[in-house]
Amino acid sequence: MKSAPTKPARPAAATPAAWLLKTEPEVYSIDDLRRDRRTGWDGVRNFQARNFMRDAMKVGDPVLLYHSNAEPPGVVGLGRVSGGPRPDPTAFDPRSDGHDPKSRRGAPTWMMVEVEFVEKFPAIVSLEVLRAERRLAGMPLLARGQRLSVQPVSREHLEVVLGLARAARRA
DNA sequence: GCCAACGTTGGC
DNA sequence: GCCAACGTTGGC
């Protein structure tokens, strides 16, 4: 008798404990997320980043929110995956910067998750501070040439970053 | 504004 | 499938 092997549709990769999401504060800042409480993380147009959102991010996962193209750049707060994945509607919108005519509603190319606000750190944990922290050696964000806007963060690295944020609170 | 690093595109 | 050209990211 033929029986379907009980393998998952996609390999169950080791699930990172957390994620890092880059955003340009002039486009969408931690303050915007605090105001909105939750938002669809739309506009991601990189396949690897999309795959993380589509295949690996789970509701409840913590997310570090990172301001890029900012002065200074750095981690500014904490959020949480609150929904998704689902198609990125901006890909279907001809008026949107993220419009992609190759993405169809029946077969969407671009996916997003929903992210909810948890906290804004009392002070930014700047890229300079992150780089100076030896326990963060190996964090993907700090790798040479790293441009991905959605990145995995290990439990250990998450704890270190949160510790740096708390240290800033005491300072 | 510069430019290194990386992804995508398209000719062949 | 190779690879040059081009576009984007994002720190500095």
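Remember, predicted model here, so these are calculated numbers, not experimental data. Just so we're on the same page: letters track the sequence lines, and every chain starts at 1.
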Taking the minimum atom-to-atom distance to the side chain of [X], which one of [options] wins?
| X | options | answer |
| --- | --- | --- |
| A:Arg147 | B:dG7, B:dT8, C:dG11 | B:dG7 |
| A:Asn46 | C:dG10, B:dG7, C:dC12 | B:dG7 |
| A:Phe47 | C:dG10, B:dT8, B:dG7 | B:dT8 |
| A:Leu127 | C:dG10, C:dC12, B:dG7 | C:dC12 |

Original post:
Only one of A:Arg105, A:Arg45, A:Arg50, A:Arg54 clears salt bridge (Lys or Arg N to Asp or Glu O under 4.0 Å) with A:Asp88; which?
Top reply: A:Arg45
Original post:
Of all heavy-atom pairs between A:Gln146 and A:Pro140, which one has the smallest distance, and what is that distance?
Top reply: CG-O, 3.2 Å
**OP:** Could you tell me whether A:Arg134 atom CZ has more than 12 heavy atoms of other residues or ligands within 6.0 Å of it?
**Re:** no
Subject >> Short side-chain N/O contact from A:Tyr66 to OP1 or OP2 of C:dT9, under 4.0 Å >> reply: no
**OP:** Would you please confirm or rule out a distance under 4.0 Å between OP1 or OP2 of C:dG10 and any side-chain N or O of A:Lys22?
**Re:** yes
Rounded to the nearest angstrom, tell me the gap between atom [atom1] in [X] and atom [atom2] in [N].
| X | N | atom1 | atom2 | value |
| --- | --- | --- | --- | --- |
| A:Asp100 | B:dT8 | CG | P | 12 Å |
| A:Leu130 | C:dC12 | CG | C1' | 16 Å |
| A:Arg50 | B:dT8 | CZ | C1' | 14 Å |
| A:Trp110 | B:dT8 | CH2 | P | 7 Å |
| A:Asp97 | C:dT8 | CG | P | 11 Å |
| A:Asn51 | B:dG7 | CG | C1' | 14 Å |
| A:Glu128 | C:dG11 | CD | P | 13 Å |
| A:Glu24 | C:dG10 | CD | P | 7 Å |

**OP:** Before accepting this row, confirm whether a basic side-chain N of the pair A:Arg95/A:Asp93 lies closer than 4.0 Å to the acidic partner's carboxylate O.
**Re:** no
**OP:** Kindly assign one of parallel, tilted or perpendicular to the pair A:Trp19 and A:Phe52, based on the angle between their ring planes and the thresholds 30° and 60°.
**Re:** tilted
